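Keep in mind the model is a prediction, meaning the values are calculated, not measured.
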Amino acid sequence: MRIGSGHDTHRLEANRPLILGGVRIEHSRGLMGHSDADVVLHSLTDALLGAAALGDIGDLFPDTDPRHLNRDSAEFVAEALRQVEAAGYRVGNVDITIFAQEPKLGPVKQAIRENVARILKTEVSQISVKAKTGEKVGHIGRGEAIGCHVVLLLN
């Protein structure tokens, strides 16, 4: 068994879609980044790669590469998963914590669970999604950014 951890934070900007866990969420602002800036899938990619000691998202998909501009982060997870499986591992469970003052994520947590399970080719019961606010403290609490932390187990 191997344990991986991933973390990512992006700032919120106007005129960007908000995508978390591959799910588009209605909000006045979205996350800014080179790709689609999906902090959930970026964190998941790093957790997968880290658990198998295969580097990190920046090694595989550098933000200096124009091929990754506006890219769907589900493709990052799929490639990381392919490498993890080639190394002889499979996903055991995934625990996702999203940090966002706004929007409220309770109504979309199940959709994120289902989409992450689909991307990972696993059961929804193996995916946990929690949402926490910043309690109005720091860049997340002021609504300037959204962050995510992922822990996962590979068997």
Side-chain angles (χ1 to χ4, degrees), residues 2-52 54-61 63 67-87 89-134 140 143 145-155:
R2 306 284 294 256
I3 297 171
S5 174
H7 175 83
D8 196 23
T9 302
H10 284 268
R11 73 181 179 276
L12 286 159
E13 297 283 339
N15 302 314
R16 290 279 298 186
L18 179 57
I19 302 168
L20 296 173
V23 176
R24 190 174 182 131
I25 299 165
E26 287 302 315
H27 191 55
S28 60
R29 297 175 295 154
L31 296 170
M32 188 62 176
H34 187 71
S35 67
D36 64 8
D38 185 331
V39 294
V40 173
L41 297 185
H42 290 187
S43 299
L44 179 58
T45 300
D46 269 343
L48 283 163
L49 293 170
L54 295 171
D56 65 33
I57 192 171
D59 295 332
L60 290 181
F61 308 104
D63 62 7
R67 292 177 299 161
H68 306 309
L69 182 64
N70 298 318
R71 192 161 175 192
D72 181 345
S73 295
E75 296 173 17
F76 300 162
V77 176
E79 176 58 22
L81 181 63
R82 187 193 66 70
Q83 290 190 23
V84 162
E85 290 173 339
Y89 299 105
R90 64 181 176 82
V91 174
N93 72 298
V94 180
D95 188 23
I96 299 167
T97 306
I98 305 168
F99 300 92
Q101 190 66 37
E102 57 179 44
K104 295 295 182 195
L105 299 175
V108 297
K109 289 191 305 185
Q110 185 62 26
I112 293 171
R113 283 182 75 205
E114 292 169 2
N115 199 53
V116 168
R118 181 189 61 75
I119 294 167
L120 291 176
K121 302 180 283 186
T122 191
E123 299 297 318
V124 174
S125 64
Q126 294 171 257
I127 311 298
S128 170
V129 175
K130 302 180 301 287
K132 303 291 180 191
T133 68
I140 290 172
I146 293 178
C148 183
H149 185 84
V150 172
V151 178
L152 65 79
L153 177 72
L154 297 179
N155 296 313

Give the minimum heavy-atom separation between [X] and [Y], together with the two atoms involved.
| X | Y | answer |
| --- | --- | --- |
| I57 | L49 | N-CD1, 3.8 Å |
| G143 | L12 | O-CD1, 3.4 Å |
| D8 | S43 | N-OG, 3.1 Å |
| V116 | L44 | CG1-CD2, 3.9 Å |
| L81 | L120 | CD2-O, 3.6 Å |
| T9 | G147 | OG1-CA, 3.8 Å |

* Given L31, which of D38, I19, V39 fulfils the side-chain contact (heavy atoms from CB on, under 4.5 Å) condition? ->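 Running side-chain contact (heavy atoms from CB on, under 4.5 Å) over D38, I19, V39 with L31 returns exactly one hit, V39.
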
Does K132 have more than 12 heavy atoms from other residues, nucleotides or ligands lying within 6.0 Å of its NZ?
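Count not over threshold, so no.
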
For the CG atom on N15, are there more than 12 heavy atoms of other groups (residues, nucleotides or ligands in this structure) within a distance under 6.0 Å?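 Open: at most 12 neighbouring heavy atoms sit under 6.0 Å from CG of N15.
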
Review point. Just checking, is any N or O donor in the side chain of H7 or S5 under 3.5 Å from an acceptor N or O on the other one?
Key: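 No, no side-chain donor-acceptor contact under 3.5 Å.
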
Measuring only between side-chain heavy atoms, which start at C-beta, is [X] closer than 4.5 Å to [Y]?
| X | Y | answer |
| --- | --- | --- |
| D56 | D59 | yes |
| S35 | F76 | yes |
| V77 | L48 | yes |
| F61 | H34 | no |
| P103 | I25 | yes |
| V40 | V129 | no |
| I3 | L152 | no |
| N93 | S128 | no |

Stepwise side-chain contact (heavy atoms from CB on, under 4.5 Å) check, T97 with C148: CA-CA 6 Å; T97 306; C148 183; over 6 Å; no

In plain terms, say whether [X] and [Y] are close enough for a salt bridge, that is, a side-chain N and a carboxylate O under 4.0 Å apart.
| X | Y | result |
| --- | --- | --- |
| E85 | K121 | yes |
| E102 | K104 | no |
| E75 | R71 | yes |

Look up atom [atom1] in [X] and atom [atom2] in [Y], then write down how far apart they are to the nearest 0.5 Å.
| X | Y | atom1 | atom2 | value |
| --- | --- | --- | --- | --- |
| N115 | Q110 | CG | CD | 11.5 Å |
| R118 | R113 | CZ | CZ | 15.5 Å |
| D72 | L41 | CG | CG | 7.5 Å |
| F99 | I146 | CZ | CD1 | 12.0 Å |

Between [X] and [Y], is there a donor-acceptor pair closer than 3.5 Å when you use the side chain of the first and the backbone of the second?
| X | Y | value |
| --- | --- | --- |
| R2 | A51 | yes |
| Q101 | G134 | yes |
| H10 | M32 | yes |
| Q83 | A80 | no |

I112 vs I98, test: side-chain contact (heavy atoms from CB on, under 4.5 Å). Steps then yes/no. CA-CA 11 Å; I112 293 171; I98 305 168; 4.0 Å; yes

*Evaluate the salt bridge (Lys or Arg N to Asp or Glu O under 4.0 Å) criterion for residues D36 and R16: first the C-alpha distance (whole Å), next the side-chain angles of each, then the deciding distance (0.1 Å), finally the verdict.*
CA-CA 9 Å; D36 64 8; R16 290 279 298 186; over 6 Å; no

| query | Passes salt bridge (Lys or Arg N to Asp or Glu O under 4.0 Å), E79 versus R82? Steps please. | reply | CA-CA 5 Å; E79 176 58 22; R82 187 193 66 70; 2.7 Å; yes

